[in-house]
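Report on the following structure.
Whatever order the structure lists them in is the order used to number ligands and atoms, beginning at 1. This chain uses plain numbering: 1 for the first residue, then up along the sequence. Below, all heavy atoms of this structure are taken into account, side chains as well, without hydrogens, waters or symmetry copies.
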Amino acid sequence: MDALAQTKQGIGTAHGKVILIGEHAVVYNMPAIALPFTAATVSVSIQPCTGESYIDSAYYTGPLASSEQLNHLYQMIQAVCTYLETSADGLYFTIDSSLPAERGVGSSAAVASATLRALLDYFDAELDEASFTHFVSISENMVHGQASGIDTEVIFQQSPIYFTKDQPPETLDLQLSGYLITADTGVTGSTKEAVADIQQLLIDYPAKTLEAIQKLGQLANQAKEVILSGNIKQLGQILSNSHLQLKQLTVSSPELDQLVFTALQAGALGAKLTGSGRGGCMIALAATEAEAQQIADALQQAGATQTWINSLGDSTDDNLY
Ligand code: PMV
């Protein structure tokens with residue numbers, strides 16, 4: 001191996017996302033609002049190796065082609081290498097992530113995006129946004145079953161978005177005086193199963209299921225209005241209402257309900273599950289940083305394995321969104 005090959009490497013990073021409102025309904029063309037979740041990130045590096053490609057990660061370590069858990073990523077890597085007319089062998093991937101996996105904060109889309117960015121860096125190649133999204137969707141569609149594309153879209157964004165499937169996203173200027181607490185139940189959820197179960201509910205109980213989906217869409221539109229008018233109290237109520245609709249769609253869980261209840265008891269303005277549910281994370285709103293800290297402490301005491309607090313816009317030092 002010559003000196004150049006030895007030092008050759010590719011690096012890619014990506015952040016996750018938090019769905020403020022509209023998860024699941026967004027699969028059925030209802031609007032949703034998502035925020036980039038920059039408090040936790042994924043970083044992927046690629047170095048040359050001999051023989052078949054290898055992956056080193058918290059989810060799986062071993063030959064890339066043999067991983068069942070990361071087959072979605074393998075499929076994307078193969079498609080990208082075919083497109084770039086290069087071999088998918090001889091690549092050593094290292095994934096470092098502070099985003100918890102399978103918890104509704106966009107880990108799979110972030111891993112796919114960071115891997116794609118690392119491949120482009122490694123092979124000194126470029127893609128336009130549509131092609132980038134196409135490749136990330138190869139992985140995301142395998143993970144989500146019937147993905148709306150919201151996770152893939154928010155990975156590109158530095159600001160909150162109002163998103164409707166197959167339409168260009170609208171950037172939202174979030175300048176609310178308040179804080180968002182995200183808490184992890186520590187329980188993994190399966191997006192694919194949750195999405196498929198709602199599809200089945202639509203067959204078994206069409207009227208009730210459609211009503212909940214449409215209600216979620218209306219709540220997302222109301223959330224957009226109160227965000228633009230800066231009313232965080234009303235936003236809290238809208239989030240709590242949307243949790244009830246998500247419960248109706250069977251995607252909550254005892255752990256999520258417990259954390260939502262705890263947050264409200266601790267003074268949150270509103271709380272709900274975020275992402276596909278059945279485990280994963282929940283979010284809560286607080287008016288002040290001190291209240292957010294109190295709520296986060298209560299959530300940890302109630303069993304949350306991790307909590308994050310982010311400003312929702314108009315404080316200066318930790319403007320994460
Ligand atoms: O996989 P998660 O938990 O990030 O959820 C994605 C959001 C869903 O609405 C449940 C699915 C989708 O593709 O929109």
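Side-chain N or O atoms of K233 include none that pairs as donor or acceptor with a backbone N or O of L269 at under 3.5 Å. Judged by distance alone, with hydrogens and angles left aside, the side-chain atoms of T262 form no donor-acceptor pair with the main-chain N or O of L299 at under 3.5 Å. In terms of modelled atom types and a separation under 3.5 Å, the side chain of R103 and the main chain of A101 share a donor-acceptor contact. In this structure, E140 contributes its side chain and T152 its backbone to no donor-acceptor pair below 3.5 Å.
K224 forms a cation-pi arrangement with Y162, by the criterion of a distance under 6.0 Å to the ring centre and an angle within 45° of the ring axis.
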Give every pair formed by an N or O atom of ligand 1 and a protein N or O atom closer than 3.5 Å, one pair per line with both atom names and the distance to 0.1 Å, or write none.
{"from": "ligand 1", "atom 1": "1 (O)", "to": "H144", "atom 2": "NE2", "distance (Å)": "3.0"}
{"from": "ligand 1", "atom 1": "1 (O)", "to": "T191", "atom 2": "OG1", "distance (Å)": "2.6"}
{"from": "ligand 1", "atom 1": "3 (O)", "to": "S276", "atom 2": "N", "distance (Å)": "2.8"}
{"from": "ligand 1", "atom 1": "3 (O)", "to": "S276", "atom 2": "OG", "distance (Å)": "3.0"}
{"from": "ligand 1", "atom 1": "4 (O)", "to": "K17", "atom 2": "NZ", "distance (Å)": "2.4"}
{"from": "ligand 1", "atom 1": "4 (O)", "to": "D151", "atom 2": "OD2", "distance (Å)": "2.8"}
{"from": "ligand 1", "atom 1": "5 (O)", "to": "S276", "atom 2": "N", "distance (Å)": "3.4"}
{"from": "ligand 1", "atom 1": "9 (O)", "to": "H24", "atom 2": "N", "distance (Å)": "2.9"}
{"from": "ligand 1", "atom 1": "13 (O)", "to": "H144", "atom 2": "ND1", "distance (Å)": "3.0"}
{"from": "ligand 1", "atom 1": "13 (O)", "to": "S148", "atom 2": "N", "distance (Å)": "2.8"}
{"from": "ligand 1", "atom 1": "14 (O)", "to": "S148", "atom 2": "OG", "distance (Å)": "2.5"}

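For the pair E23 and K272, the salt-bridge criterion is met [side-chain N within less than 4.0 Å of a carboxylate O].
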